[in-house]
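First the structure, in the form of structure tokens, and then the observations on it.
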Amino acid sequence: MFEVNNEFKRKLNQAPISVWISSILVTAAITLPLVYLVIRAFGAGIETWDLVFRFRTLRTMGRTFALVVSAPLLSLGISLPLAWLTTRTDLPFRRTWSVLTALPLVIPSYIFAYVVIVALSPRGMLQGLLAGPFGVERLPSIYGFPGALLSVTAVSYPYLLLPLQASLRGIDPSLEEASHSLGHGFFSTFRKVTLPQLRPAIASGGLLIALYSLRDFGAVSLMRFETFTFAIYNQYLTPFGGRMIAAALSMILLLFAVSLMVMESKTRNKSQFYGNGKGNSRDPNIIELGRWRWPALIFCSLIVLIFLILPIVILGYWAARGFTAGESLHMVWDPAINSLQVSGLTAIVVILAALPIGILTSRFSGKLSQILEKFTYIGFALPGIVIALSLVFFAVGTPSYQTLGLLIFGYMILFLPLAVGSIRNSLLQINPKMEEVSRSLGRNASETIRSVTIPLSKNGIFSAGALVFLVTMKELQATLILSPLNFDTLATSIWHATSEAFFARAAVPALLLILLSSIPMMIILIFWHRKGKYEKISGSL
Amino acid sequence: MVRRIKRRNDDRGSEILWGILVIVLAIGLVSGFYVYLIQGSGEEKLTIYSGRSAELVNDIIEDFESTTDIEVEVKYGSTSEIAGTLLEEGEDSPADIFYAQDPGGIGAVEHMLATLPDELLENSPERFRSPEDKWVGISGRARVVVFNTDVLEEEDLPDSIEDFTDSEWEGRIGWAPTNPSFQTMVTAMRAVWGEDRTEEWIEGIQENDPTAYNANTPTVKAVADGEVDVGFVNHYYLFRFLEEEGEDFSARNYHLRDGGPGSTMMISGAGILETSTSREEAEQFLEFLLSQQGQEYFAEKTYEYPVHEEVETHPMLKPLDEIDFPEVSMEDMDDLEGTLDLLRETGVIS
């Protein structure tokens, strides 16, 4: 570290006023749901809280807790071997497997859960297959916890897989070699040397999955597993005071989510994620699988078969039945165009909102910026329905009500943390000395942000945009409540069709939704998995 | 500690991706603005909040638009979702019409509805409309017991829904207690049987360990798949399955022989919001639904029972005069709150 005078250092730590103003404005806007919850829950009165603190709530809490703990664990069980196989071994078609195993992220949970019911329910397709040769009369019930766990894991494990692959690829092999030379075997080295280095990736990916299982609605409602989010929805559907109970339950859910985030930040160590000179690392050693490549291939195929191919095949089967029964395609185009449009717009808006906060929290870290960062996580802590209802509360009667703008604003609250995280992590990997050099060469703070920081973080910005696009395509709850009149998206048309038992009619928009979301996903993945690119994306999820 | 430097040399890939991103986003912006302009233009429109799904009523709404040249905007959702939204919106609601799946749902917002003119009320039979003249019944669905045809015949089924509390039905029943239609049936039970007997029925069914589904559709599907042997549902879901899956679909409807609350007739109803700014167009819409054309649509396309006596029911349905319905006044059917209290007390819903 070279000497810098204190005056220069102090100036370096001052963010431009424009960054501050935009960050504070965005944060203020996204705290609206909290204000709403406070108004509702405190206007509720004693009887409501009486209803909330009953045995039933405890059971809901137990179910929620079970899902929140086991979904990340199951995801880890799937993701760790997959990540290791696709980054550190000579597994055939590694890159193809990498892309295929991450693709289930594009499947909405309500579609996957529906497919699971068709395939695995006591008298579903699997039972039909087993009935002939084995005489299986019925399978154990998939509803409740097992079905919810399977569906939630299926659509969220890539949140863990991607950062794990990035970290495994980035590990300095000399540490593992040292361990081997000291006489440690493969498993001992993995446990003592490799695993600790994966800890940040496991903690952050696990947190994303835990928070996702807290706020998932599609899978738990189809599987009839009453977690907090589902209970909130059921209460909201109940006239006469249901909305007050819903608000009270949302407060408990919020507490739950906040404690998860606190736990994660405790495990996050203060390690430095950027290098300080020319790289001292080589590509990690590739382990030859030998005979073990067959079980490895079977494992990868099974994952892809269950989480990707099975849903598509079943949807295709329904779609084909629909066509033979004379369904037409005309219902699909308008929703598809609406979905693409609103998701594209949302991606731009969310990136613009996330950039100043990402820059502020990664480059000009201080007390206030840390507080601002915490607030951006509101979207991760509350289900779509609560955010949507709060916006109805504030917007109704104003011209913004039932406009595309309000819908996009709702999406922004929901998906801002995804974008902020992605941008911030990509910035954390860039040595701040780049900017210090720019400053010392006479550029001021905002010029430096424009000419150095933003160009350097464009991978983070790009993946943030693609991710937001993807999750907006899938979003259902807020869309149902906030969308303009006569505005159907692919997600809402699937939901309407399935709720009235027109399964064949739901299959075509479902396939289209998966196809259209796969495009941005494939772009990110292929880009990421190009050799030598790992370092740039590590942790950008 | 991981210490490495990240520098890129090969930027071409990312340049191309950025190009694609910018183009996609630009298209999105322009088309979004275009949609905004289109939506911004145009004069008075009729805004319908429909608790009935697009699949059921979209076609008849389009027919209305083409016959009257009135532009219609629709918000779809479940009846309770829409009722919740209306309550949240209050006086600021942009809605002109609330078209609900059941009397309970529309009853929850009855205080927000305007009194309807006599000409409209005359077209809807008195037993199928609001006692306060706030909404009219449009079409009917019968509560039935759907049964699996592989294990049961209609003769095996008991006369009354009360008999399903018998222990022989243990583990064989499916129901959807959060579904508004089910709750309306319980409201009818309370009106016909009284509170105590209804509570006994609920507890008796619960002792038989019923499987709870989140809606009628999955209940019918579960019965056909043999997950459960019988389900308490509305009649018309079966016909959708028969349409998509053909005659081998192994479930059929049974209308309870005793004519008790197990075969309650459920009425979908529509009313006009007090705050509506297009009262005249709204009245035209209700008239249209009650006209010969509107009623034939429900009989033929959605397999429902028309409220218009001169319109014939679908040939696949058991005719109205062959089913025994309980006589429940619409006044009693309004008391959803009491039903929810009972269901909460018995722990059926939370």
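Note that the structure is predicted; figures quoted are calculated from it, not measured. Letters go in sequence order (proteins before strands), and every chain restarts at 1.
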**Message:** Measuring from atom CD of E89(B) to atom CD of Q402(A), what distance do you get when rounded to the nearest 0.5 angstrom?
**Reply:** 6.0 Å
**Request:** Please report the C-alpha distance between Y233(A) and T178(B) in whole Å, then the side-chain angles of each, then the deciding distance to 0.1 Å, and finally whether the side-chain contact (heavy atoms from CB on, under 4.5 Å) criterion is met.
**Result:** CA-CA 11 Å; Y233(A) 174 79; T178(B) 54; over 6 Å; no
**Fill in**
Taken to the nearest 0.5 Å, the spacing of E81(B) CD from I385(A) CD1 works out to 7.0 Å
**Message:** Once rounded to the nearest 0.5 Å, what's the spacing between atom OG1 of T85(B) and atom CG of L389(A)?
**Reply:** 7.0 Å
**Message:** Test your reading of the model: is there a side-chain donor-acceptor pair from N486(A) to the backbone of V72(B), 3.5 Å cut-off?
**Reply:** yes
**Asked** Do F487(A) and E73(B) come within less than 4.5 Å of each other through their side chains, counting heavy atoms only?
**Response** no
**Request:** Measure distances from Q183(B) to the heavy atoms of chain A and classify the residue's part below 4.5 Å as side chain, backbone, both or neither.
**Result:** neither
**Asked** Can you say whether P94(B) sits under 4.5 Å from chain A via the side chain, the backbone, both, or neither, judging by heavy atoms?
**Response** side chain
**Region of S78(B) in contact with chain A, defined by heavy-atom distances below 4.5 Å** = side chain
**Complete:** Applying a strict 4.5 Å limit to non-hydrogen atoms, the region of Y213(B) in contact with chain A is both
**Message:** Tell me if a side-chain donor or acceptor on K75(B) pairs with a main-chain N or O of I481(A) at a distance below 3.5 Å.
**Reply:** yes
**Item:** Between OH on residue Y76(B) and CG on residue L480(A), distance to nearest 0.5 Å
**Value:** 13.5 Å
